[in-house]
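What follows is a single structure, written as structure tokens, with notes after it.
Indexing begins at 1, ligand by ligand and atom by atom, following the structure's order. Counting from 1, the numbers follow the sequence of the chain as shown.
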Amino acid sequence: MSVSTLITTYVNPDLDGIAGITAYAEFLQKTGQNAVVGTIDELSDETKYVLARFDFEYPMSISNSDDFDEVILVDTSDLNGLEGKITPEKVIEIIDHRKVHEADRFPNAKKVQIELVGAAATLVAEKFMEKQMEISQKSAILICAAIISNTHNFKGSVTTDRDRKAFEWLNQFAKLPENLWREMFLAKSDLSGHKLTETIRKEFAWFVMGDKKVGIAQLEVLEAKKLLEERGQEILQILEQTKKDMALDLIFQNTVAIEEEKNYFVTNDEQVQKLLEKIFDIKFIGTVAEKPGLMMRKQIVPLLKVELE
Ligand SMILES: [Mn+2]
């Protein structure tokens with residue numbers, strides 16, 4: 001019997017994960033290996049937006065890894081993000097781009113590529129580039145969009161030359177519309193009504209650091225300042241409720257203000273405020289502190305870990 005291989009990413013995938021698994025399945029197929037793309041739970045709104053924008057079909061939805069012998073993970077390498085739905089022993093390969101990871105919790109992962117580029121999808125693009133292999137327009141568009149999203153249109157501090165090079169190469173195939181980045185960021189800035197709660201919950205992640213369970217919400221928006229002025233109280237309430245629901249010790253929100261090129265940290269937890277003030281040399285005024293530059297959660301986590309462990 002032949003071995004069935006699943007390519008997947010974390011539960012509630014974002015665009016980087018979807019781009020990575022779609023393109024990597026294509027790469028494997030072109031090199032004579034078959035693997036099935038499957039995703040668990042709902043795709044992020046941004047992913048849905050990009051799929052609809054280009055008339056792409058959704059990847060196959062699955063509940064867990066039960067029907068597969070082997071699993072390849074792209075854009076994830078920790079157990080939390082998989083929510084118990086992927087059997088760690090089945091994972092044979094990992095492609096990811098975060099400093100804090102748990103690749104060693106997957107005992108059969110013989111191939112592990114973890115490199116700190118802006119988008120995990122960049123690592124997949126490089127596989128095509130190395131072999132000078134043609135890539136489909138669909139995979140090229142998805143990876144380009146993922147790079148734009150992850151690097152905040154190349155302004156975020158996660159951006160590397162490798163992301164820029166991959167984007168340039170891919171765009172020959174993708175031929176992206178000029179203002180796609182603005183379109184994409186506008187689409188994800190719509191937090192009207194209860195979209196605010198939904199988005200915070202969906203984009204939420206938590207980590208164990210020392211003896212603390214730390215939750216970090218992350219919003220990437222065009223008009224962050226306005227959002228915080230108008231709905232700051234609501235955000236604090238959502239954080240408070242999430243902290244209770246998930247039995248967290250510490251919680252804060254990383255608000256990534258794409259146009260202002262700033263981060264706004266939001267929390268009423270004094271211990272977190274002190275920690276963030278120390279790490280970033282910033283000052284909380286009330287429940288908000290601002291920091292120039294665009295920093296993603298995955299860059300904040302290692303710095304917090306050093307303080308807490
Ligand atoms: Mn990613």
Report summary line: residues 59-68 vs side chain to side chain donor-acceptor pair (under 3.5 Å), sequence neighbours excluded, gives Ser65-Thr87
Query raised in the report: Is it the case that Ser77 and Asp96 place a side-chain donor and acceptor less than 3.5 Å from each other?
Result: yes
**Report entry** Polar contact flag, side-chain donor to acceptor under 3.5 angstrom, Thr267-Asp269
**Finding:** no
Query - Minimum-distance N/O/S atom that His97 presents toward the Mn ion (ligand 1) - result: NE2
Query raised in the report: Out of the N/O/S atoms in Asp16, what is the name of the one closest to the Mn ion (ligand 1)?
Result: OD2
Query raised in the report: So, Phe284 versus Phe265, ring centres under 6.0 angstrom or not?
Result: no
Query raised in the report: Is the distance from the Mn ion (ligand 1) to some N, O or S atom of Asp75 under 2.8 Å?
Result: yes
